Number of protein chains: 2
Amino acid sequence: MAGNTFHKLRDEIENGIVTGEFEPGERLDEVQLATRYGVSRTPIREALMQLGAIGLVEIRPRRGAVVVDPAPDRVFEMFEVMAEMEGMAGALAARRHTEDDHVALVQAHAQCEEAATSEDTDRYYYENETFHRAIYAASHSGFLEEQCVALHRRLRPYRRLQLRVRNRMKMSLKEHGEIVAAILAGDAEAARALLRGHVAVQGDRFSDLVASLGKREGKRLSLG
Amino acid sequence: MAGNTFHKLRDEIENGIVTGEFEPGERLDEVQLATRYGVSRTPIREALMQLGAIGLVEIRPRRGAVVVDPAPDRVFEMFEVMAEMEGMAGALAARRHTEDDHVALVQAHAQCEEAATSEDTDRYYYENETFHRAIYAASHSGFLEEQCVALHRRLRPYRRLQLRVRNRMKMSLKEHGEIVAAILAGDAEAARALLRGHVAVQGDRFSDLVASLGKREGKRLSLG
DNA sequence: GTCAATATTTTTGTATACAAGATAGGCGAG
DNA sequence: CTCGCCTATCTTGTATACAAAAATATTGAC
């Protein structure tokens with residue numbers, strides 16, 4: 001068997017969590033996962049340990065692993081931090097972007113625009129991710145980029161819900177345009193402010209988020 | 001044996017890395033660690049997996065784990081992000097601190113002052129950590145607090161070096177005073193700016209950092 | 001003497017076995 | 001009928017065993 005089985009298992013399980021295949025609060029049984037992936041418990045445990053370390057699952061001693069089910073205010077806090085980090089990435093990108101970054105950013109923005117005009121929510125969701133990663137890359141801070149990618153990934157399920165909201169896609173695209181302009185103009189503080197606002201969960205989006213979380217919570221309770 | 005042996009092992013090894021017992025770039029042999037801690041390889045591996053997930057060790061497939069040895073510019077990036085996150089914590093603390101936070105902050109600052117006047121660098125180092133944690137707590141963002149504590153911990157070895165620099169302790173204490181004042185006055189942006197400056201590695205401190213890293217690098221090279 | 005190919009040794013990765021704690025179900029007392 | 005305790009079962013945690021890959025040493029050819 002390949003040397004990095006546990007690595008693939010980690011990604012597999014992580015993906016299952018992020019896509020919602022494993023629901024928040026769900027217990028992750030080791031033998032069940034082991035038989036499912038056709039391996040023994042050992043690599044499963046190692047994968048779970050890694051996921052536990054990055055906070056995707058909670059490992060309760062002698063009581064197994066469960067998918068973390070963050071309280072609504074915790075999710076809000078995560079968006080709050082994400083907004084600040086994206087703002088930082090934007091500010092650095094404005095100061096440090098190269099010719100290549102310029103091209104990548106404009107291109108990613110164009111792809112978003114295409115997805116938005118064809119009203120393809122799923123594609124916009126994907127291109128949006130590329131756009132944000134282009135900003136992280138343009139910040140030329142490898143560490144910041146890693147942190148942003150990790151947090152962005154962790155917030156994926158919640159962001160997906162938000163895109164369904166009416167007109168959010170058009171609004172998002174418009175904000176992207178302003179962000180690109182600020183970065184390319186080298187205006188660090190404008191880029192920071194715009195990205196903060198773009199990512200932050202405020203106003204209507206806050207109530208939408210809480211509502212979606214509440215719904216999930218209710219569903220979970222009704223099942224239990 | 002207790003159910004959370006691997007948990008203790010993780011903390012043990014992590015501490016060894018942060019305190020420099022395990023040097024950057026050092027290979028962490030599984031059987032060696034196992035015999036050292038009197039356990040089998042299994043919990044050692046699980047601990048290493050967790051440390052790998054948070055970026056303290058690098059796990060190269062089929063080739064074992066080594067303590068990560070970040071390049072100087074990577075360390076700089078980490079301080080850069082830390083500065084921003086501390087700034088954010090300070091800004092939130094200014095807006096959200098309670099009576100209890102007020103007391104904790106003032107007390108932590110007083111302890112720092114005592115350590116500084118008695119010129120006790122080790123104690124200042126310790127009290128400084130308490131002070132910063134008081135700010136994280138006052139931000140009333142559990143997620144931000146966790147992120148800050150983790151990064152703060154990871155930067156420990158580098159910060160320790162910095163405190164040795166002439167007059168850094170007095171300077172640090174003075175900055176603490178201004179930070180406390182800004183937070184208690186509820187001036188979020190002042191608190192943010194002051195904390196950014198306090199944590200950031202700029203001017204002389206930058207050359208000091210690079211010099212210390214360079215020294216270590218040289219040592220490592222001479223050994224290899 | 002040096003380089004390369006091969007054999008040996010070491011070390012990682014995975015599976016399995018076993019021990020101990022947690023959960024659940026049944027049994028008895030009130 | 002309900003509550004609490006005790007036992008049976010299940011699950012996790014750790015150790016050990018084995019397989020495969022990498023590192024190292026050895027031997028042979030040029």
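All values below come from the heavy atoms of this structure, side chains included, with hydrogens, waters and symmetry mates left out. These numbers come from a predicted model, not from an experiment.
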**Study point:** B:E86/B:R196 salt bridge by N-O under 4.0 Å criterion
**Key:**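 Salt bridge: no.
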
Check your understanding: B:Y136 and B:E146: side-chain donor and acceptor closer than 3.5 Å?
Key ->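 Their side chains do not contain a donor-acceptor pair, so the 3.5 Å distance test is not met.
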
**Study point:** Any side-chain donor near an acceptor of the partner, A:H152 and A:R133, under 3.5 Å
**Key:**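 No, A:R133 and A:H152 have no side-chain donor paired with an acceptor closer than 3.5 Å.
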
Whether [X] contacts [N] is assessed here as follows: a side-chain N or O lying under 4.0 Å from the phosphate OP1 or OP2. Is that the case?
{"X": "B:S40", "N": "D:dA15", "value": "yes"}
{"X": "B:R63", "N": "C:dT11", "value": "no"}
{"X": "A:R27", "N": "D:dT12", "value": "yes"}

Practice item. For atom CD of B:E21, decide whether the heavy atoms of other residues, nucleotides or ligands shown that lie under 6.0 angstrom number more than 12. Key: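 Yes, enclosed.
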
[X] side-chain N/O to [Y] backbone N/O, donor-acceptor pair under 3.5 Å:
{"X": "B:E77", "Y": "A:G142", "result": "yes"}
{"X": "A:T19", "Y": "A:N15", "result": "yes"}
{"X": "B:R154", "Y": "B:M78", "result": "no"}

Review point. In residues 10-17 of chain B, which ones come under 4.0 Å of DNA chain C, going by heavy atoms?
Key: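 Within residues 10-17 of chain B, no residue comes under 4.0 Å of DNA chain C.
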
From C-beta outward on [X], which listed nucleotide comes closest to its side chain: [options]?
{"X": "A:R41", "options": "D:dT12, D:dA15, C:dG13", "value": "D:dT12"}
{"X": "B:R62", "options": "D:dA22, C:dT14, C:dG21", "value": "D:dA22"}
{"X": "B:T42", "options": "C:dT12, D:dT16, D:dT11", "value": "D:dT16"}

**Study point:** Whether B:H132 and B:H198 hold their rings parallel, tilted or perpendicular, with breakpoints at 30° and 60°
**Key:**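 Ring orientation of B:H132 relative to B:H198: parallel.
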
Review point. Using rotation axes that map the C1' atoms of four end pairs onto the next four (five pairs an end), what angle separates the end axes of the helix from C:dG1-D:dC30 to C:dG30-D:dC1, to 10°?
Key: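 Answer rounded to 10°: the end axes differ by 0°.
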
Review point. Looking at side-chain heavy atoms only, is the closest gap between A:Q111 and A:R123 below 4.5 Å?
Key: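 Result yes, sub-4.5 Å side-chain heavy-atom pair found.
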
Check your understanding: What's the CD-C1' distance between B:Q32 and C:dT11, to the nearest Å?
Key ->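 That distance rounds to 12 Å.
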
Check your understanding: Rounded to whole angstroms, how far apart are NE2 on B:H7 and P on D:dG13?
Key ->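 Rounding to the nearest Å, NE2 of B:H7 and P of D:dG13 are 12 Å apart.
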
